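Heads up: the structure comes next, in structure tokens.
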Amino acid sequence: MELRQLRYFVTVADTLHFGRAAELLHLAQPAVSQQIRRLERELGAELFDRSPRHVRLTEAGEHFLPAARSVLAAEEHARSVINELVRPRQRTLRIGTSAGLGDHLDRLLDQLTGKSPELAVDLVSAPVQERLRQVAEGRLDAAFVRGGSQEQREQGPAGLRTVEVWRDPLVAALPARHPLAARPAVDLADLAGLRLALTPRRNHPSLVDLVVGACAAAGFEPLPSTGAGTLQDTLSAIGAGQSLWTVVYAAHARLLRGERVAFLPFRDADLALTTSLVVRATAPTPQVRLLLAACEASTSDDNDR
């Protein structure tokens with residue numbers, strides 16, 4: 001069994017398409033199919049159910065997939081250990097980021113630069129399940145996730161560890177020309193007459209459940225908005241004076257400039273989500289230990305503000 005065969009198998013399992021897997025691997029499709037067949041012959045079991053209309057994992061393939069991911073992650077970890085020894089000045093920390101990290105991310109990068117000026121940092125933006133998969137496969141050193149994410153972790157790959165790093169309070173974003181914007185803070189019930197613009201629950205169940213639940217506790221069901229665009233689209237609509245409100249992480253709001261949108265803390269509700277780092281459950285690399293220390297130091301900076 002060869003590592004490249006495992007890599008080809010995992011890529012086909014992720015895409016369920018031999019052609020797309022070959023593109024991702026920068027190979028011709030017959031080369032990928034040939035290696036998968038060799039792997040299946042060696043294992044004595046078919047890993048994929050192939051038909052003209054679909055490719056699916058067989059039961060054997062479903063059981064083999066997490067083991068194959070673990071082997072590839074171990075390979076990546078072994079490489080990182082050697083790289084740390086022989087090329088200490090070429091270290092790169094690869095972090096999967098979450099939207100709205102705001103000035104938390106600025107302080108974290110400052111801490112990393114201060115602790116290890118020679119360290120290069122790659123920030124990778126991807127959907128949360130893709131971030132978790134890349135951590136499991138060793139393509140990322142760590143990834144940020146938000147909101148407890150028990151549901152996400154249960155659906156994600158095995159072999160990961162979650163470390164809570166900070167709490168992110170939420171603030172209300174509403175039109176700067178609205179009478180409520182003149183207040184230093186708002187009560188949730190004050191917003192009952194405005195339409196609430198939130199991302200669809202499938203994108204961020206923890207956030208949607210938190211906000212809708214808090215509205216129910218405040219005695220009202222939020223009026224839904226008609227659109228479901230990006231946060232920037234929503235803030236533009238709010239800035240244009242539409243009768244809308246949404247929530248933004250306070251750390252993100254501190255980086256947003258402009259006079260069209262007001263960002264106000266909640267006076268009567270503790271609306272906040274926990275941000276965590278997901279890393280592999282194996283012994284942390286020096287880069288990951290440095291990242292965790294930088295997170296702790298940046299949080300101390302935040303508490304001192």
Side-chain angles (χ1 to χ4, degrees), residues 96-106 125-129 131 144-152 165-276 302 305:
T97 59
S98 176
L101 291 174
D103 58 8
H104 279 305
L105 186 58
D106 293 345
S125 176
V128 60
Q129 290 301 329
R131 295 199 300 272
F144 285 105
V145 298
R146 275 224 177 82
S149 298
Q150 182 64 31
E151 182 178 350
Q152 294 167 347
V165 289
W166 57 64
R167 287 184 86 239
D168 271 328
L170 294 164
V171 297
L174 62 156
R177 287 175 287 177
H178 194 281
L180 290 173
R183 300 181 182 180
V186 290
D187 292 329
L188 264 173
D190 295 335
L191 302 169
L194 302 178
R195 287 177 287 125
L196 172 61
L198 275 183
T199 186
R201 187 180 183 279
R202 64 177 180 275
N203 292 342
H204 202 331
S206 299
L207 175 69
V208 174
D209 290 349
L210 175 69
V211 175
V212 173
C215 291
F220 71 100
E221 181 178 347
L223 301 173
S225 68
T226 54
T230 64
L231 176 61
Q232 183 57 53
D233 293 341
T234 298
L235 293 177
S236 295
I238 291 173
Q242 293 191 28
S243 182
L244 289 172
W245 70 286
T246 189
V247 292
V248 179
Y249 295 107
H252 188 195
R254 288 194 287 269
L255 296 183
L256 298 173
R257 297 288 185 263
E259 300 176 350
R260 294 158 57 88
V261 179
F263 299 100
L264 302 178
F266 293 100
R267 185 165 45 200
D268 62 339
D270 180 23
L271 288 182
L273 289 175
T274 298
T275 295
S276 302
D302 191 38
R305 287 156 60 91

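Everything quoted here is computed from the prediction, not taken from an experiment. Each residue takes its place number in the sequence, starting with 1.
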(message) Run the side-chain contact (heavy atoms from CB on, under 4.5 Å) test against Gln232 and tell me which residues pass, sequence neighbours left out.
(response) Thr230, Ser236

(request) Please identify each residue that fulfils salt bridge (Lys or Arg N to Asp or Glu O under 4.0 Å) with Arg267, with sequence neighbours left out. (result) Asp187

(request) Drop me the distance from Ser225's OG to Leu194's CG, to the nearest 0.5 angstrom. (result) 11.5 Å

(request) Measure the shortest side-chain to side-chain distance between Leu170 and Leu207 over non-hydrogen atoms and say whether it is less than 4.5 angstrom. (result) yes

(message) Nearest 0.5 angstrom please: Arg195 CZ to Thr246 OG1, how far?
(response) 12.5 Å

(request) Check whether any side-chain heavy atom of Leu210 lies under 4.5 Å from a side-chain heavy atom of Val247, and answer yes or no. (result) no

(message) So Asp106 and Arg254, do their side chains get closer than 4.5 Å, heavy atoms only?
(response) no

(request) Could I get the full list of ring pair (Phe, Tyr, Trp, His ring centres under 6.0 Å) partners for Phe144, not counting sequence neighbours? (result) Trp166

(message) Just by distance, no angles: are the side chains of Arg146 and Thr275 close enough, under 3.5 Å, to form a donor-acceptor pair?
(response) yes

(message) Quick test of your reading: applying salt bridge (charged side-chain N to carboxylate O under 4.0 Å, His left out), list the pairs with at least one residue in residues 173-185, sequence neighbours left out, ordered by first then second residue.
(response) Arg183-Asp190

(request) Only counting residues at least two apart or in another chain, list the ones meeting side-chain hydrogen bond (donor to acceptor under 3.5 Å, both in side chains) with Asp268. (result) none

(request) State, to 0.1 Å, how close Ala173 and Leu235 come at their nearest heavy-atom pair, and which atoms those are. (result) CB-CD2, 4.0 Å

(request) Please name the pair of heavy atoms, one in Leu264 and one in Pro184, separated by the smallest distance, quoted to 0.1 Å. (result) CD2-O, 4.2 Å

(request) Compare every heavy atom of Pro175 with every heavy atom of Ala181, then report the nearest pair and how far apart it is. (result) CB-O, 3.5 Å

(request) Supply the atom-to-atom distance Arg201 CZ to Ser206 OG, rounded to the nearest 0.5 angstrom. (result) 8.0 Å

(message) Within this structure, what is the NE2-OG distance for the pair His252 and Ser98, rounded to the nearest 0.5 Å?
(response) 11.0 Å

(message) As an exercise, state the distance from OG1 of Thr234 to CD1 of Ile238, rounded to the nearest 0.5 Å.
(response) 6.5 Å

(request) Tell me, please, which residues at least two apart from Leu196 pass side-chain contact (heavy atoms from CB on, under 4.5 Å). (result) Leu198, Val211, Pro222, Trp245

(message) For a quick test of reading the model, state the closest non-hydrogen atom pair linking Leu244 to Ala197 and the distance between them.
(response) CD2-CB, 4.4 Å

(request) With the side chain counted from C-beta on, respond yes when Leu101 and Tyr249 share a heavy-atom pair under 4.5 Å apart, and no when they do not. (result) no

(request) Mind listing the closest non-hydrogen atom pair of Val171 and Pro265 along with its distance? (result) CG1-CA, 4.1 Å

(request) Indicate the atoms forming the closest heavy-atom contact of Arg167 with Ala272, along with that distance. (result) NH2-CB, 3.3 Å

(request) Kindly indicate whether the side chain of Val186, heavy atoms from C-beta on, has any atom under 4.5 Å from the side chain of His178. (result) no

